[in-house]
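Lettering follows sequence order; numbering is per chain, from 1. Note that the structure is predicted; figures quoted are calculated from it, not measured.
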Amino acid sequence: MSITKIEIITRPEKLEELKEAMNAIAVAGMTVTQVYGCGLQKGHKEIYRGKEVAINLVPKVKVEIVICEVPVEKVLETAKRVCRTGNVGDGKIFVYSLDNAVRIRTGEEGESAIIDPKS
Amino acid sequence: MKKFWSILGLCLMLVVLLAPVALADDAPPAPAAIDTGDTAFVLVSAALVMLMTPGLAFFYGGMVRTKNVLSVIMQSFFIVALISVQWVLWGYTLSFGTDINGLIGGLNYLGLTGVGADPMSSTSTIPHLAFMIFQAMFAVITPALITGAFAERMKFPAFVVFTLIWATIIYDPVAHWVWGGGWLATLGVLDFAGGTVVHILSGVSGLVIALMLGKRKGHGSEIMLPHHLPMTVLGASLLWFGWFGFNAGSALGANGLAANAFVTTNTAAAAATLSWVVTEWLHHGKPTVLGAASGAVAGLVAITPAAGFVAPLPSVIIGLLGGIICYFAVSFVKAKVGYDDALDAFGVHGVGGTWGALATGLFASKEINSAGFDGLFFGNPQQLGIQFIGVIASWAVAIIGTYLIIKVIGLFMKIRVDDDQESNGLDITEHGERSYAQDFQAGSPILHHVSLSQPSSVTTPVSSNS
């Protein structure tokens with residue numbers, strides 16, 4: 001089994017739904033960051049005292065998930081299903097393979113650092 | 001630098017110590033009847049005007065970036081203290097002391113000698129001290145208005161020295177010209193509550209400093225957004241509230257004239273709010289909150305010189321046009337000419353004050369205030385010319401005076417913060433404090449990645465992944 005990191009960048013309003021869906025497929029942990037980004041979505045215009053300002057970085061959330069037992073395909077399918085609205089700005093998913101992982105509390109390395117010991 | 005401060009300190013001490021000795025033999029003014037209602041009204045009005053300066057601090061504070069909020073708020077708040085003391089020691093006497101050739105007040109009220117519980121003249125119905133403290137609040141807010149022009153880039157020590165000298169050699173004499181029996185008063189210039197003295201002086205001086213200091217670092221390439229517009233609206237509301245003291249209080253009595261000024265003030269503020277919002281809405285497609293707050297202040301500025309000379313109906317016109325004129329000053333003229341009047345001290349106060357002073361020459365009526373004159377629309381076209389002279393004189397003093405003050409203090413101290421300071425923000429580098437806990441959303445570093453009107457050229461950590 002290899003360790004994989006999946007990075008999902010998507011709409012902030014999808015965060016709760018995504019979290020629940022990941023829990024449902026036994027993804028044990030995640031790290032969430034507020035980010036700003038741009039892509040096909042063009043941002044918006046703001047007006048301050050008659051001066052127009054183009055804001056092209058839109059707020060998104062970045063959800064980082066590291067897995068080994070749960071199939072990558074299952075995570076991707078779930079994330080796609082939850083986050084898709086069909087409009088530009090739905091976001092991107094990136095998949096990386098990791099060399100190692102460490103659970104700081106116990107010093108465990110590799111897969112055992114990722115797997116939820118209770119399950 | 002050290003020497004400068006010790007000399008300044010020594011002078012202050014001498015003034016305090018010697019004033020009562022030198023002037024003790026002055027005859028007390030002839031006692032007149034004090035009206036308790038008038039006195040109560042003027043004292044409360046003075047308190048209302050005092051609140052305007054902290055209100056202005058919020059109005060301006062909300063419009064700057066997170067890293068400079070405290071520096072802007074501190075400038076206004078510090079001025080309340082600085083000018084309150086300056087006014088008691090020598091400011092009041094320069095404005096309202098016995099007239100010297102129509103140019104400046106004599107030193108007979110130095111350190112408030114002879115300014116007491118009795119009225120200052122036989123026509124006054126309030127204690128001299130009440131009049132003095134009411135005027136003190138005007139002297140306080142005027143230099144605070146200027147701070148909007150040089151926000152986010154002026155060194156604090158230079159700001160303090162500039163403010164003290166500016167108040168002494170620009171505000172105090174011009175207040176004397178218009179209100180203290182000086183040459184503009186003799187000429188017949190009408191300025192009820194400070195269109196020329198307060199708003200033209202501060203706005204035009206602001207423009208001069210903005211030009212001399214240069215633009216903020218990154219102006220035009222970096223996005224500089226107001227960091228907290230609700231704070232700005234709170235400030236505008238406090239200004240509007242305090243302005244009732246400013247304008248109605250300028251009647252110096254609880255009477256019909258005060259009521260007239262109260263109504264014209266509110267009406268013009270409301271009319272300008274409407275016209276600014278609608279103009280911006282038509283022009284850019286959105287009714288903005290910052291536009292509403294700015295329009296209110298523009299209307300208040302425009303009605304200030306006219307409040308006690310015009311009827312409520314003309315105040316609607318003064319307000320409506322005031323909102324539109326100031327909107328175009330900040331959105332077109334500023335962009336075309338290219339100066340960085342950071343918070344539009346000139347666009348709102350300089351331009352609005354000029355419009356108000358001239359509008360007074362159009363709409364003034366002796367029916368409203370028998371102590372005033374008729375304007376152009378009431379059969380007295382000369383009044384417009386006289387108002388024009390008042391405007392030109394105020395502009396000239398503000399331009400020449402501010403230029404000289406900045407040049408001279410520039411010889412002794414640094415006026416503009418250095419590049420590093422500007423990048424890190426004045427809150428931390430000038431005051432050693434931060435306004436907000438460090439936080440991803442409010443602690444603007446991330447916002448600096450936003451670029452101005454160039455959708456395609458932005459690269460960020462996020463997109464570089466793809």
Could you check whether the rings of B:W243 and B:H349 sit parallel, tilted or perpendicular, using 30° and 60° as the cut-offs?
-> parallel

Only one of A:I6, A:V95, A:I93 clears side chain to side chain contact (heavy atoms under 4.5 Å, CB included) with A:V75; which?
->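 Only match with A:V75 under side chain to side chain contact (heavy atoms under 4.5 Å, CB included): A:I6.
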
Looking at B:K286, B:H284, B:E280, which one has more heavy-atom pairs under 4.5 Å with chain A than the rest?
->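 If we count pairs closer than 4.5 Å to chain A, B:H284 comes out on top.
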
Is it the backbone or the side chain of A:K45 that comes under 4.5 Å from a heavy atom of chain B, or both, or neither?
-> side chain

B:K217, B:K334, B:R216 screened by salt bridge (Lys or Arg N to Asp or Glu O under 4.0 Å) with B:D340, the one that passes | B:R216

Region of B:T288 in contact with chain A, defined by heavy-atom distances below 4.5 Å | side chain

By ring pair (Phe, Tyr, Trp, His ring centres under 6.0 Å) - contacts of B:H227 (at least two apart) |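 Expected list: B:Y436.
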
